[in-house]
Amino acid sequence: MLVTSKELLLDALKKKYAVGAFNVENMEMVIAVLNAAEEAKSPVIMQTTPGTVKYAEVDFYFANIKAAAERSSVPVVCHLDHGSSFELAVKAFHAGYTSIMIDGSKLPFEENVSLTKSVVEVCHAGNIPVEAELGRLGGKEDDLDNTKSKNPFTDPDEAAEFVEKTNCDSLAVAVGTAHGVYKGVPQINFEVLSKIHERVNIPLVLHGTSGVPDEQVTDCINLGMCKVNYATDLRIAYTHGVKEYIKGSPDGFDPKKYGAFGIEEVQKYVFQKMQLLKNQKNI
Ligand code: 13P
């Protein structure tokens with residue numbers, strides 16, 4: 001069934017587990033994530049970035065995710081990832097998305113507050129929760145290029161003030177992860193994360209999780225991370241599956257054939273991550 005992220009993330013916060021949020025870019029990835037969620041019996045968030053909804057519009061993705069949700073026995077959320085403007089956030093809200101992120105992290109603090117507040121006002125009127133972001137994550141996602149930023153961490157006091165002023169439902173924070181492929185092993189700043197967790201009582205969101213060692217993800221969950229985002233590794237898995245098919249059948253030309261290989265690889269990856277996210281020592 002299609003649900004909002006509100007209750008799912010509050011339950012995760014209370015019981016110290018995390019809900020996996022997986023970026024889907026085509027129908028095959030939606031099927032793969034749905035199959036994995038069914039197999040793992042895990043609630044799931046399927047999300048699309050602004051770049052993805054430029055490739056095919058929000059209504060295309062919403063229709064795919066809604067179809068998946070209607071045939072699933074686990075709760076499914078359709079989430080806008082890194083909403084880049086008020087207009088896009090409202091468009092996704094009207095298309096039926098059940099969770100909206102507005103990312104004003106590149107703006108000065110007060111401008112981020114006011115943009116986030118404006119999206120919260122619209123979405124809360126329709127009972128749709130809002131994820132916001134404070135602090136600059138490293139790396140590159142879509143048109144958001146932070147590869148040159150020094151990846152400063154989110155300030156715990158600012159985070160508390162931001163949540164108070166915006167009334168957002170969950171908060172993405174910068175604690176040392178980056179989007180894309182890591183050059184070395186990422187080092188999460190657990191000191192900063194634990195201070196943020198002390199000051200902020202809403203669910204926190206971990207971005208840039210592809211390539212983060214599972215043990216670090218587990219430690220993050222114990223410090224309040226309730227939504228954990230994976231994108232790059234799903235793209236890699238899908239493409240790997242397609243390439244394997246083409247390698248074995250260079251003359252093949254049926255998209256359903258190589259699509260099935262892509263689905264299988266993504267499904268395997270997502271299933272593993274779902275086991276990790278729900279299998280916390282505290283529950
Ligand atoms: P990765 O691409 O590093 O997994 O990041 C995903 C993400 O945070 C989506 O918002």
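Counting from 1, the numbers follow the sequence of the chain as shown. In listed order, ligands and their atoms are each counted from 1. Excluded from the calculations below are hydrogen atoms, water molecules and symmetry mates; all remaining heavy atoms, backbone and side chain alike, are included.
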Quick check on contacts: which atoms of ligand 1 are under 4.0 angstrom from a heavy atom of [X]?
X: His82; result: 10 (O)
X: Ala231; result: 1 (P), 2 (O), 4 (O), 6 (C)
X: Gly180; result: 2 (O), 3 (O)
X: Gly208; result: 1 (P), 3 (O), 5 (O), 6 (C), 7 (C), 8 (O)

What do we get for [X] next to ligand 1 when only non-hydrogen atoms under 4.0 Å count, side chain, backbone, both or neither?
X: Thr177; answer: neither
X: Ala178; answer: backbone
X: Thr232; answer: both

Option from Met274, Gln267, Lys268 for which side chain to side chain contact (heavy atoms under 4.5 Å, CB included) with Glu39 holds: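 Only one option passes, and that is Gln267.
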Hphob cluster co-occupancy, Leu206 + Val163, side-chain heavy atoms under 4.5 angstrom: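 Same cluster.
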Side-chain heavy atoms of Leu193 within contact of Phe153, under 4.5 Å: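 Not touching, per the 4.5 Å side-chain cut-off.
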Looking at ligand 1, does any of its N/O atoms fall within less than 3.5 Å of an N/O of [X]?
X: Asp233; answer: no
X: Asn23; answer: no
X: Tyr230; answer: no
X: Leu206; answer: no

With Glu191 via salt bridge (charged side-chain N to carboxylate O under 4.0 Å, His left out) - residues at least two apart: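 Here the qualifying residues are Lys195.
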With Glu70 via salt bridge (charged side-chain N to carboxylate O under 4.0 Å, His left out) - residues at least two apart: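 Residues passing salt bridge (charged side-chain N to carboxylate O under 4.0 Å, His left out) with Glu70: Lys66.
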Glu38 side-chain N/O to Ser73 backbone N/O, donor-acceptor pair under 3.5 Å: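 Pair found, side chain donor or acceptor close to backbone of Ser73.
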Donor-acceptor under 3.5 Å (Gln216 side chain, Pro186 main chain):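 Checked: pair present.
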Derivation and outcome, side-chain hydrogen bond (donor to acceptor under 3.5 Å, both in side chains), residues Thr48 and Tyr97: CA-CA 10 Å; Thr48 59; Tyr97 277 52; 2.9 Å; yes
